[in-house]
Amino acid sequence: MSPGLVTSAVSDDAAKQLAALTSDYHDTLKFYLNGTKVVLDTADPEVTLLEYLRGIGLTGTKLGCAEGGCGACTVVVSQYNPTTKQIYHASVNACLAPLVSVDGKHVVTVEGIGNSKRPHPVQERFAKGNGSQCGFCTPGIVMSMYALLRNNPKPNESDVEEAFDGNLCRCTGYRPLLDAAQSFSVSAGCCKSDTSSNDDSASGDSGCCMKKGPDGACCMTGDRETNPAKQFKAPEFIEYSPDTELIFPPALKNHKYEALAFGNKRKKWLRPATLEQLLQIKGTFPSAKIIGGSTETQIEVKFKAMKYDPSVFVGDIAELRGYTFNDDHIELGGNVILTDVEHIMQKAIEHYGPKKSQPFAAVLKQLRYFAGRQIRNVGTPAGNLATASPISDLNPVFMATNSVIIAKSIDETIEIPMLSFFKGYRTTALPPNAIIASIRIPVAREKGEYMSAFKQAKRKDDDIAIVNAALRMVLDENNVVEDSSLVYGGMAPTTVMAKKAVEYLQGKVLTEQSTLEGAMNALEQDFDLRFGVPGGMATYRKTLALSFFYKFYHEILEQLGHEEADGEAVGEMERLISTGQKDHEATQAYTKQVLGKAKPHVAALKQCAGEAQYTDDIPVQMNELFGHMVLSTKAHARILSVDTAAALDMPGVHDYVDHRDLPNPEANWWGAPNCDETFFAVDEVFSAGQPIGVIVASTAKQAEAAARAVKIEYEELPAIYTIEEAIEKESFFDHYHYIKNGDVEDAFKTADHVFTGISRMGAQEHFYLETQACVVIPKPEDGEMEIFSGTQNPSETQAYVAQVTGVAANKVVCRVKRIGGGFGGKETRSVQLAGICAAAANKTRRPVRCMLNRDDDMLTSGMRHPFLYRWKVAVNKDGKLQALDADVFNNGGWTQDLSAAVVDRALSHSDGVYNIPNVYVRGRIAKTNTVSNTAFRGFGGPQGMFLAETFMEEVADHLKIPVERFREINMYKAGENTHFNQELKDWHVPLMYQQVQDETNYASRREAITEYNKIHKWNKRGLALIPTKFGISFTALFLNQAGALVHIYHDGSVLLAHGGTEMGQGLHTKMIMIAAEALQVSPENIFISETATNTVANTSSTAASASSDLNGYAIFNACEQLNERLAPFREKLGPDAPMSKLAHAAYFERVNLSAQGFYKTPDIGYVWGENTGQMFFYFTQGVTAAEVEIDTLTGDWTCLRADIKMDVGRSINPSIDYGQIEGAFVQGQGLFTTEEPLWLRANGQMFTRGPGNYKIPGFRDIPQEFNVSILKDVTWENLRTIQRSRGVGEPPLFMGSAVFFAIRDALKAARKQWGVEDVLCLKSPATVERIRTSCADPILKRGTAVPKDGEKSFFVVT
């Protein structure tokens, strides 16, 4: 049987009956697209809305994940809503939406609302507000905001902040996006004390504008432009007017849905228009797949190759989208979209009152964090029930309330109690020929009934539950339990009742302390999870189950007014509307004509309008083929056979390419600096996800299906996954560097104290929104190849494509227009895909395109290296550090890639900002059977500084002195030398360390937090102050060079080319500004077309935060040459002569108006072992203070505030630099908190392969107060960079660790409360699981799952 094929449970006669039944159905799709009517007679039944849109050239809508988890594909689908009887503009994930779902509706894409010349106000404000960096996610975010405004032209601040819960951005840090979006909000929440400043709160001032405003006027009246959220005002920005929007097509207002049937021999879609038609279909063909929102089905089709034929779309059946309020229940149509369910529940709360509406409040609470808005706009209760997910957020509520499902078939209507609905994992009691028509949710009693719902996930917004629960209890007048329902998700293969606990509670007096104890004991028996339970996190899940009940129990006691109610346990942390400030005056002292001014990203408007072209947006070439890699499914195995026969027989498949198709065996090897990796596996695979071959076919779908059909037989071999396993088995790469300064052994003998520790820092997935992508075009002559690649390293791509195609490098051109995020993940790993596509193109002599699916990208492209540290520190009584000795290990994966340079940089940053007289640090690379890890923003620097800050924290705890003071005592002073003997010049960390404390009232906040923690039992706050010092230069000397090419044309316009690639960091913007200042022209007259190897050769990768330094000086060098040539003409025509006249005159004097610039970084050249020479050109520095609050019952947390100050020298463009600082900080926060790659122990496969289970920070994960400033009022006497600026891309990332160390600070308070004061060794990341299981409270002790002999965890952390 083919993979994923769902076999029909009916006879051929039934299929014929179905065909007869639907023979008179229409087969034409009719809808509107950006205001234009579309009629499709031959719609492909297998394409999604996204595939259709991109296929017709509307490429502004992007593919980011194909599972509805990132929002890059967001479009707006407008329709008449049969539930609300109003037109609703729904933001939806086009990657999930079947094409059939838009029949009778109006689809609006980013191209339909505006363009770069006439942008929509949303597009303009996001662009000018610096809300777009790489730009790949921007169209989806624009469309989410557009949908909000179409439905609510005057949203409040909460509406705006919640509008993006289904969107992700990896570049911006979200703050500029929220600032731009809030310019559309109508209120700043003037009269709420919780929106006032800390000073207001401390003084008892409510912060109300009527107290502060002129004449006591309220901000809700009069001139609304005084609203502080209105940062963008006319005439700078287009005023938003709902009257100018695309109208809802009048023809659709009276659209009558008719039954549809269309398809081909592989798949058929049916779209019944009435309930009767649907029941006839199910009666005739019971196995027909019912699809409402397609939020789960499309994921099964895409990633599990499930085939559902026929599929029946039921989203347009009005009879399933109604609801009624009855005396004792609500009857909710099975297909009411979840967004409407939210509104219905709000109405129900008003209708029934607070007591009787408790079940509806529970539904509403669970929906608040249920997926993203795009999913809630199409998802339905019936879909939730039918999929029978054990972690569904709604199903526990339905079970706990004793709801009843109304199931209809053509023959009968039956009632199925929720308590008997789930029969097993993903199976239900729903008859095969029936559908869920509605669900009856009972009203609660007016007296004596109590109910609450709970959920805990890795991330607050748009995340699946780890554990959820709906808990209900009925008490008599004496507080005796008459009835209870304790229903949990995430604790078993189905949503499950805690039967022993329910049985125990029956007849007990709730208010007696023994009742709580007995119920907790019973819950322990209900959920006695073993250590290695599927899904992992046994201790955490069990503890959550107990904690939820504890919260619920005390919630009831509080409502009863009982004196023993633990009010601290009640409720959950709520975020305020996030805000932030930047110092926009910081560059005034050195601003020039162009340099130093705040300007938006040069391509921002194009990106916001969906016009910016990325690799996969390039129009399909004639005869183009699509590639899909055949990947290993084993972590370590011999390849016994590869059978491609079935794949090559599939329609559209053109060929299979592997190592045998390369010019010679040597051409298969690649890697830098060590050539130890193969493009294609030969006889053995060393990692799950290693490429074995590639299928090329006429479409991407055909190639993907054929790749699955390739049969590979393996002989499995022993595998190593973790650093610890590699150390035990002595599995290392042949690289060993060290830095030795002073005499550590003598220092350890004479020091007052010696402390040791073991620290761990996890990996991090790049999660750039644009996955690896490549288009290779073979030319008809001389073996030429043209490569369009999303790479940070065009020259290396060129070199290896030349190698696999057997030609010289001068026959290969690599072009990069822009990259949708890179962060180091496209420095070397992009070469793999380019080489494989080039091999296929060379064999077939046809263009080959491949853009990786998100899961394949994560499987193949590597990530940030996890690190293990074994350290020993000597310190004297006065707090002065004396020595550091450390073994530093990183997990390189199965090949070295850049692991050596990464561990080397970690060694050089292991001092942090601290003067340690004696240092001996050693670095090794663990060789494991995991994906080959690679460069990632920071490149070992954050891992080295994490070691430093970890031992600083732990040693300070041992010494019982404040860590802030311990840091200050040991901080480098200007002119001192690092452990690698480099003098610190322009050293401003001590200054910023003091400034941040003064500017943020750090000391008083520390006192306030101490008091807060004394009086709060379960919620604790923490504070941290973290400095950073990041060395700027490639550690490989030869890479510190750059070239540029500048052309001036007759009309005075300038074409600029340099070796750096634009990936959102604003490099092109800065380079244009440098050229504009140098040539004395407007930036608007300068254009950068692309980065290409035939214009600037032998380039270094765009990395190491050095690209502005290197390329900027190369451009300046070229401009200086041109200025010298133009000098006579400036003298003749005058200093104010425009470039058009100067260039025209120079041309007729036969003056060369093209110049090649070059630059190499001076002075550097470190020698390992000898510990001589200068390692870095300079250091970018910074200091951050962060404050957090944690819920110790659940592990939930929020960052209350972060204040970042960075020394970026003289900023070339503060807007760009602030964007880099914010984005790096949030990415760093993710590294140290929510982001944790996991592998399955059973087979070595990566588990976290998409946004569904890998969680980067979202819009509402950023600090609630997020302030950023750059250092000013100092001189940079020794900084010899362009404009005296400093590199800023990587250095701020480690600032995100301030959140981690603030969490650790809060955990110390939590543990101290329970008498645990030993030094806390907290591994990174500080996930919600790790936070909860570090709290040392009695509930945790009850929930601890102890491994039995030989028992191992379900997941592996490498």
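- Put simply, CD on Glu1235 and OG1 on Thr1233 are 7.0 Å apart, with the number rounded to the nearest 0.5 Å.
- No donor-acceptor distance shorter than 3.5 angstrom exists from the side chain of Gln764 to the backbone of Glu1236, with no hydrogens or angles considered.
- Separating the CD1 atom in Ile391 from the CD1 atom in Ile464 is a distance of 4.0 Å, to the nearest 0.5 Å.
- Distance alone, capped at 3.5 Å, is enough to place a donor-acceptor pair between the Lys458 side chain and the Asn1253 backbone.
- Salt bridge present: Arg472 and Glu449 bring a charged side-chain N and a carboxylate O closer than 4.0 Å.
- When all heavy atoms of Phe422 and Leu385 are compared, the closest pair comes out as CE2-O, 3.8 Å.
- Between Asp1196 and Lys460 there is a salt bridge, since at least one side-chain N of the basic residue sits less than 4.0 Å from a carboxylate O of the acidic one.
- You'll find the side chain of Glu954 reaches within 4.5 Å of the side chain of Thr950, heavy atoms only.
- Salt-bridge check for Asp566 with Lys551: failed, with every basic side-chain N at 4.0 Å or more from each acidic carboxylate O.
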Checklist entry - Could you walk me through whether Asp461 and Asp1261 pass the side chain to side chain contact (heavy atoms under 4.5 Å, CB included) check? => result CA-CA 8 Å; Asp461 279 336; Asp1261 295 310; 5.7 Å; no
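- Within the 3.5 Å criterion, the main-chain N or O of Asn468 finds no donor-acceptor partner in the side chain of Gln366.
- Within the model, atoms CD of Glu953 and NZ of Lys1308 stand 6.5 Å from one another, a figure rounded to the nearest 0.5 Å.
- Between Phe1232 and Phe946, the distance separating the two ring centers is shorter than 6.0 angstrom.
- The two residues Ala1326 and Trp1197 make their nearest non-hydrogen contact at O-NE1, 4.5 Å.
- Inter-residue side-chain proximity for Val1328 and Thr1194 is flagged as unmet; no heavy-atom pair is nearer than 4.5 Å.
- Here the rule is salt bridge (charged side-chain N to carboxylate O under 4.0 Å, His left out) with Asp957, and of Arg1311, Arg1304, Lys1312 only Arg1304 fits it.
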Item to check | Steps toward side chain to side chain contact (heavy atoms under 4.5 Å, CB included) verdict (Phe370, Asn384) | outcome: CA-CA 11 Å; Phe370 187 108; Asn384 224 257; 3.0 Å; yes
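- Without hydrogens or angle criteria, Lys1014 side chain to Thr1010 main chain gives no donor-acceptor distance under 3.5 Å.
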Checklist entry - Step by step, would you call Val1356 with Leu1238 a side chain to side chain contact (heavy atoms under 4.5 Å, CB included)? => result CA-CA 6 Å; Val1356 175; Leu1238 298 171; over 6 Å; no
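- The cationic atom of Lys455 (NZ for Lys, CZ for Arg) does not lie both less than 6.0 Å from the six-membered ring centre of Phe548 and within 45° of the ring axis.
- Salt bridge status for Arg368 with Glu574: present, with a side-chain N to carboxylate O gap under 4.0 Å.
- What you find for Leu1231 and Ser1324 is that their closest heavy atoms are O-OG, 4.0 Å.
- Considering CG of Leu486 and CZ of Phe549, their distance stands at 6.0 Å, rounded to 0.5 Å.
- Atom CD of Gln506 has more than 12 neighbouring heavy atoms from other residues, nucleotides or ligands inside a 6.0 Å radius.
- One finds no salt bridge joining Arg1260 and Glu161 here, because no Lys/Arg side-chain nitrogen approaches an Asp/Glu carboxylate oxygen to under 4.0 Å.
- For Tyr504 (side chain) and Leu523 (main-chain N/O), no donor-acceptor pair under 3.5 Å exists by modelled atom type.
- Formation of a donor-acceptor pair under 3.5 Å by the Thr1234 side chain with backbone atoms of Ile1256 is not found in this model.
- Looking only at side-chain heavy atoms (C-beta outward), Ile330 and Val443 stay at 4.5 Å or farther from each other.
- Side-chain atoms of Ser357 never come within 3.5 Å of backbone atoms of Tyr352 as a donor-acceptor pair (strictly under, hydrogens ignored).
- The two atoms that bring Leu1340 and Cys1335 nearest to each other are CD2-N, 4.1 Å, heavy atoms only.
- With salt bridges taken as basic N to acidic carboxylate O contacts below 4.0 Å, none links Glu162 and Arg575.
- Salt-bridge annotation for Asp165 and Arg376: present, with a side-chain N of the basic residue lying under 4.0 Å from a carboxylate O of the acidic one.
- The neighbour count for Lys1323 NZ, taken as heavy atoms of other residues, nucleotides or ligands under 6.0 Å away, does not exceed 12.
- Met473 places a side-chain heavy atom less than 4.5 Å from the side chain of Ser484.
- Thr494 places no side-chain N or O within 3.5 Å of a backbone atom of Val496 that could act as its donor or acceptor partner.
- Between Arg1006 and Asp1305 the shortest side-chain heavy-atom distance falls below 4.5 Å.
- The residues Arg760 and Glu724 are annotated as salt-bridged, a charged nitrogen and a carboxylate oxygen being separated by less than 4.0 angstrom.
- Scanning both residues, Ala470 and Ala400, for their nearest heavy atoms gives O-CB, 3.5 Å.
- Side-chain contact check for Val1346 versus Phe531: every heavy-atom pair is 4.5 Å or farther apart.
- With 3.5 Å as the limit, one finds no donor-acceptor pair spanning the side chains of Thr387 and Ser389.
- Residues Ser392 and Pro396 share a closest heavy-atom pair of O-CD, 3.0 Å.
- Annotation: the span from Lys447 atom NZ to Lys355 atom NZ amounts to 10.0 Å, rounded to 0.5 Å.
- Side-chain atoms of Thr1248 do not come within 3.5 Å of backbone N or O of Tyr1254 as any donor-acceptor pair.
- Counting heavy atoms from C-beta outward, Phe1301 and Leu1322 have side chains that stay 4.5 Å or more apart.
- Under a 3.5 Å cut-off, the side chain of Asp463 and the backbone N or O of Arg459 do form a donor-acceptor pair.
- In summary, Arg1332 and Asp1337 engage in a salt bridge, as defined by a charged side-chain N under 4.0 Å from a carboxylate O.
- For the atom pair OH of Tyr550 and CZ of Arg1342, the computed distance is 11.0 Å after rounding to the nearest 0.5 Å.
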